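Excluded from the calculations below are hydrogen atoms, water molecules and symmetry mates; all remaining heavy atoms, backbone and side chain alike, are included. Only a predicted model underlies this, so the values are computations on that prediction, with no experimental measurement involved.
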Amino acid sequence: MEKSPYTGVRRFVLINMILVPFIPFLLALGIGNHSFSRSIENSTIASMKRIAGDHRQMIESFLLERQNDLELIINTSSFTELVRPERLSSIFLQLQRITSAFVDLGIFDDTGVHVAYHGPYDLSGKLYRDTPWFQQTLKNGIYISDVFLGYRNIPHFIIAVAKKENERTWIIRATVDSQRFDNMVRQIRIGKTGEAYLLNRSGVLQTDRRSGGNLMESPREKIPLPRNGREIHTFIHREGREEPFLYATTWLKDQNWVLVIRQEKTDAFMALREARMSILFISLVGGGCIVAAAFTLTGAIVRKMEKTDAEKALLSQQLIGASRLAELGEMAAGFAHEINNPLQIISTELSLIRVLQSEMIESGQLTPGEPHEQVTDSIDQIKLQIDRCSRITASILKFGRQGESRSENLDLTVVIPEIIQMVQKKAEVHGVRMECRLPDTPVRVTADASRLQQVLLNLLNNALDAIIEQRGSTGGIIGLDLSTGENGTATIDVSDNGTGITPENMEKIFAPFFTTKPVGKGTGLGLSVCFGIVQQMGGKMEVTSTVGKGTTFSIVLPA
Ligand code: ADP
């Protein structure tokens, strides 16, 4: 396939049209995406921290309240009072009214013997001296255990408070309903996958976990426990091929348990994903628009260039044609001039023959008669033809005369028939009837005769061309009507029954180089020059036309 000369230009324009808006577009999207992602990430992490902080506060309050419950009992009752089973039962029932968190209540003496117990198990009399919880309580005065199985063999944890009374230390201990505590810790809901649970220092679960993992089991994933302190740590952890999670971890106040809040990363950063999808959508739509606009505009630009170049090529061809015509005109003028001289000589010689003939008749050398009359007729015919040739050469010379326009007083009723004469022959050849309607009285205008001739000749030739195109050589009529207006203006109408002019061409016919004729025939200069000439004369030129019926050009000249 032949490569279009516009391929390079098209590619250049297209690349620039795409690249130039794309660079700022991508920059804006990139910067927007970066700051948007950062802000969403920050706000997600901040909200995770806030939830962890609130939840920690709630669990700590619960434990503190339970601890306070026991402290209140131990501070308001004596050891001897509490070891009485009915007293312990009544206190337990009072406690139940405040909270249902406790399952049982027990009193221990300083040797670790379970001296009194109220609860569902039979634990009275058991010895706890060597258990870690007992030792810790003695040492610290207060103890909250991890979840353990104990004698009863079901998971539970205990809160124990010690009191020194008369040099002897005794302990009150209560078991917390593990299920209730579990529910409280787990009740959190964040997104679809958010959950909360507690781990002890060895990473063993102190509550059940929604996403799998039971109380007292160690979760499969090993997350780093936070450093001691009140800070809330956030991080992303991924175990093997599992979904990564966003974690928030923090120690509870007594530093034994770590509260873990976690949510699947995709769930936690859902807003980020949605934002990224929107940005992707905007990029695709925006990019698509840029590319589509670039293609459309490039197409339009290249088409415009092609059209302009084509017009330029046509114009230069028409210019060449016009200059050829101008040269031809000059040659015709020179030719007419050259022919004029021999015509003058022939004419003079003919006059001489005439004189000689009369002298010979007078002197009787020639006798009048048949041969003599034939010679006279021939001489007359020669004279007639010489005059005709002279008229033709004179009109060519007149037409070709250049330079300043010379206005003179013209009688249109005389000038017009002369001009008609010049196209009469051509019209006859193509079977066109010339109808010339002139007023009886002279119609005078001030104009340059040769230019007026040029205008009318052009109109007549155009009319002939239109007729030949429409009808060939039959039925053509050209009308030439001269009339006078109210204020002495003269109107010349040149009408024909040729092709007519389409409305869209109507706007262009007076423009230079507009032609509908084949290359080499029309130059498109005729009407534009005529228009200029008529304007210079102070007149105006109008046209009316019906396609397929014919056209009338009217020239109105001032008196
Ligand atoms: P050219 O004759 O070289 O084409 P012109 O300026 O004289 O240039 O005319 C311009 C165009 O106007 C012509 O090509 C033709 O299409 C249209 N035109 C002029 N006169 C007539 C007419 N009498 N009938 C139909 N079309 C005409």
Side-chain angles (χ1 to χ4, degrees), residues 325-430 432-458 460-461 464 478 480 482 492:
L325 275 182
E327 271 169 36
L328 209 65
E330 249 175 64
M331 273 164 61
F335 186 63
H337 192 75
E338 286 302 313
I339 296 249
N340 250 356
N341 288 339
L343 281 181
Q344 290 305 322
I345 294 166
I346 295 170
S347 181
T348 317
E349 291 302 319
L350 205 65
S351 305
L352 193 63
I353 290 173
R354 274 230 172 96
V355 171
L356 284 176
Q357 193 193 28
S358 333
E359 279 176 3
M360 282 170 86
I361 289 171
E362 270 171 27
S363 62
Q365 282 172 299
L366 273 177
T367 46
E370 180 85 8
H372 164 68
E373 274 163 18
Q374 272 181 0
V375 171
T376 308
D377 282 351
S378 293
I379 289 172
D380 286 346
Q381 190 59 36
I382 291 170
K383 176 69 180 151
L384 199 77
Q385 296 309 325
I386 286 174
D387 286 349
R388 209 173 142 204
C389 288
S390 294
R391 274 206 306 280
I392 293 170
T393 52
S395 56
I396 290 176
L397 283 173
K398 212 167 155 188
F399 183 74
R401 209 164 54 211
Q402 289 180 340
E404 288 287 296
S405 75
R406 274 175 297 158
S407 294
E408 49 192 312
N409 200 323
L410 300 174
D411 178 2
L412 289 177
T413 55
V414 176
V415 175
I416 289 174
E418 278 177 14
I419 298 168
I420 289 180
Q421 200 69 43
M422 295 173 80
V423 292
Q424 186 77 50
K425 199 79 207 160
K426 187 177 169 190
E428 269 170 29
V429 170
H430 293 284
V432 176
R433 200 168 73 233
M434 303 279 292
E435 292 177 354
C436 180
R437 290 170 281 265
L438 304 174
D440 298 330
T441 49
V443 177
R444 300 201 170 275
V445 293
T446 310
D448 179 327
S450 73
R451 295 209 167 162
L452 185 64
Q453 187 188 41
Q454 182 179 351
V455 172
L456 288 178
L457 271 180
N458 188 72
L460 290 171
N461 277 322
L464 272 172
I478 294 180
L480 219 154
L482 176 63
I492 309 166

Flag side-chain contact, heavy atom, 4.5 Å: C436 against L482: no
Is Q381 close to D377 at the side-chain level, that is, under 4.5 Å between some pair of heavy atoms? no
How long is the gap from CG on L460 to CD1 on I478, to the nearest 0.5 Å? 6.0 Å
Side-chain contact test, heavy atoms from C-beta onward, threshold under 4.5 Å: evaluate it for L412 versus L452 and give yes or no. yes
Where the side chain of D448 meets the backbone of S407, is there a donor-acceptor pair that is under 3.5 Å apart? no
Atom CD in E435, atom CG in L480: separation rounded to 0.5 Å? 10.5 Å
With rounding to the nearest 0.5 angstrom, report the CD to CG distance, E359 to L352. 8.5 Å
Tell me whether N461 contacts the main-chain N or O of L457 through its side chain, where contact means a donor paired with an acceptor under 3.5 Å. yes
Are side-chain heavy atoms of E418 and Q453 found at a separation under 4.5 Å? no
Which atoms form the tightest heavy-atom contact between P442 and T413, and what is the distance? CA-OG1, 3.8 Å
Count the heavy atoms belonging to other residues, nucleotides or ligands that lie under 6.0 Å from CZ of R388, then report whether that count exceeds 12. no
Value rounded to 0.5 Å, distance of CD in Q421 from CE in M434: 9.5 Å
Indicate the atoms forming the closest heavy-atom contact of L438 with P417, along with that distance. CD1-CG, 3.7 Å
CD1 of I346 to CG of N341: how many Å apart, nearest 0.5 Å? 11.0 Å
Quick one: CD1 on I419 to CD on Q424, what's the gap to the nearest 0.5 Å? 13.0 Å
Measure from the side-chain N and O atoms of S347 to the backbone N and O of L343, and report whether any donor-acceptor pair falls under 3.5 Å. no
Minimum heavy-atom distance between L410 and A447, given as atom pair plus value: CD1-O, 3.6 Å
Can T376 and Q357 be counted as having a side-chain donor-acceptor contact under 3.5 angstrom? yes
